[in-house]
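Counting from 1, the numbers follow the sequence of the chain as shown.
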Amino acid sequence: HSALVGLTTVDGSLALSAGASVSTGGDLAITGNGIILVDSPFNNGGGGSTLAVGGTLTNSSTNPNALYIGNTFISAGDTVTAAALVNTGVIQIAGNGTIQSVLDSHE
């Protein structure tokens, strides 16, 4: 489980796959044309990855795949958690039949 304490903004790309686990100490913003891929079809992850945002997850990216969680071929569900969610961009969540991916905001 990696803690990316200084990570506050993604305006490029952040890709997690194959059970990767990352957490932030505070807020995380996806801006510009930024993208976060959590075992998405674009990074071919097998599933089971986790992104835990300690504060607010804000998605204002103009990318059509700004936050993409899971894919239809995963063997384990993916999880993204945040204390709160502010979204004006696109969020896509995919699963494989009974294996589902989750976006959980505690606001």
Side-chain angles (χ1 to χ4, degrees):
H1 190 83
S2 300
L4 298 178
V5 178
L7 180 66
T8 58
T9 304
V10 174
D11 61 5
S13 64
L14 173 64
L16 307 176
S17 66
S21 182
V22 169
S23 63
T24 67
D27 297 343
L28 180 62
I30 311 169
T31 62
N33 195 39
I35 188 167
I36 295 180
L37 306 174
V38 183
D39 287 309
S40 80
F42 309 111
N43 64 333
N44 297 317
S49 296
T50 302
L51 173 62
V53 178
T56 300
L57 174 60
T58 302
N59 176 22
S60 62
S61 173
T62 57
N63 193 303
N65 298 303
L67 177 58
Y68 205 122
I69 306 165
N71 66 66
T72 58
F73 302 104
I74 56 175
S75 58
D78 294 299
T79 304
V80 175
T81 59
L85 175 66
V86 176
N87 183 56
T88 57
V90 176
I91 297 174
Q92 298 190 57
I93 304 171
N96 177 15
T98 59
I99 299 170
Q100 298 298 306
S101 296
V102 176
L103 172 60
D104 185 11
S105 172
H106 303 286
E107 53 179 13

Trainee: Quick one: ring-ring contact (aromatic ring centres under 6.0 Å, His included) pairs with a partner in residues 76-104, sequence neighbours left out?
Mentor: none

Trainee: Side-chain heavy atoms nearer than 4.5 Å, only ILVMFWY residues, links allowed to pass through others: does that put Val90 and Ile93 together?
Mentor: no

Trainee: Sorted by first residue and then second, give each side-chain hydrogen bond (donor to acceptor under 3.5 Å, both in side chains) pair with at least one member in residues 67-77; sequence neighbours left out.
Mentor: none

Trainee: Less than 4.5 Å apart, side chain to side chain, heavy atoms only: is that true for Ile69 and Leu103?
Mentor: yes

Trainee: Under the side chain to side chain donor-acceptor pair (under 3.5 Å) rule, collect the residues that match up with Ser40, sequence neighbours excluded.
Mentor: Asn43

Trainee: Could you tell me which non-hydrogen atom of Ser17 sits nearest to which non-hydrogen atom of Ser49, and how far apart they are?
Mentor: C-OG, 3.4 Å

Trainee: Would you say the side chain of Thr88 lies within less than 4.5 Å of the side chain of Thr58, judging by non-hydrogen atoms?
Mentor: no

Trainee: Provide the full list of side-chain hydrogen bond (donor to acceptor under 3.5 Å, both in side chains) pairs with a residue in residues 89-98, sequence neighbours left out, each pair given once.
Mentor: Asn65-Gln92

Trainee: Walk me through whether Leu85 and Ile91 qualify under side chain to side chain contact (heavy atoms under 4.5 Å, CB included).
Mentor: CA-CA 11 Å; Leu85 175 66; Ile91 297 174; 4.3 Å; yes

Trainee: Give me each pair satisfying side-chain hydrogen bond (donor to acceptor under 3.5 Å, both in side chains) with a member in residues 77-87, each pair once, sequence neighbours excluded.
Mentor: Asn59-Asn87

Trainee: Any chance CZ of Phe73 has more than 12 other-residue heavy atoms, nucleotides or ligands included, within less than 6.0 Å?
Mentor: no

Trainee: When the side chains of residues 25-38 are checked against the rest of the protein, which donor-acceptor pairs come out under 3.5 Å, sequence neighbours left out?
Mentor:
| unit_1 | atom_1 | unit_2 | atom_2 | d |
| --- | --- | --- | --- | --- |
| Asp27 | OD1 | Thr56 | N | 2.7 |
| Asn33 | OD1 | Asn63 | N | 3.4 |

Trainee: Output all residues satisfying side chain to side chain donor-acceptor pair (under 3.5 Å) with Ser101, sequence neighbours left out; order by chain, then residue number.
Mentor: none

Trainee: Does Ser23 reach the main-chain N or O of Ala52 with its side chain, forming a donor-acceptor pair under 3.5 Å?
Mentor: no

Trainee: Which hydrophobic side chains are connected to Ile74, either touching it within the sub-4.5 Å cutoff or through other members that do?
Mentor: Ile99

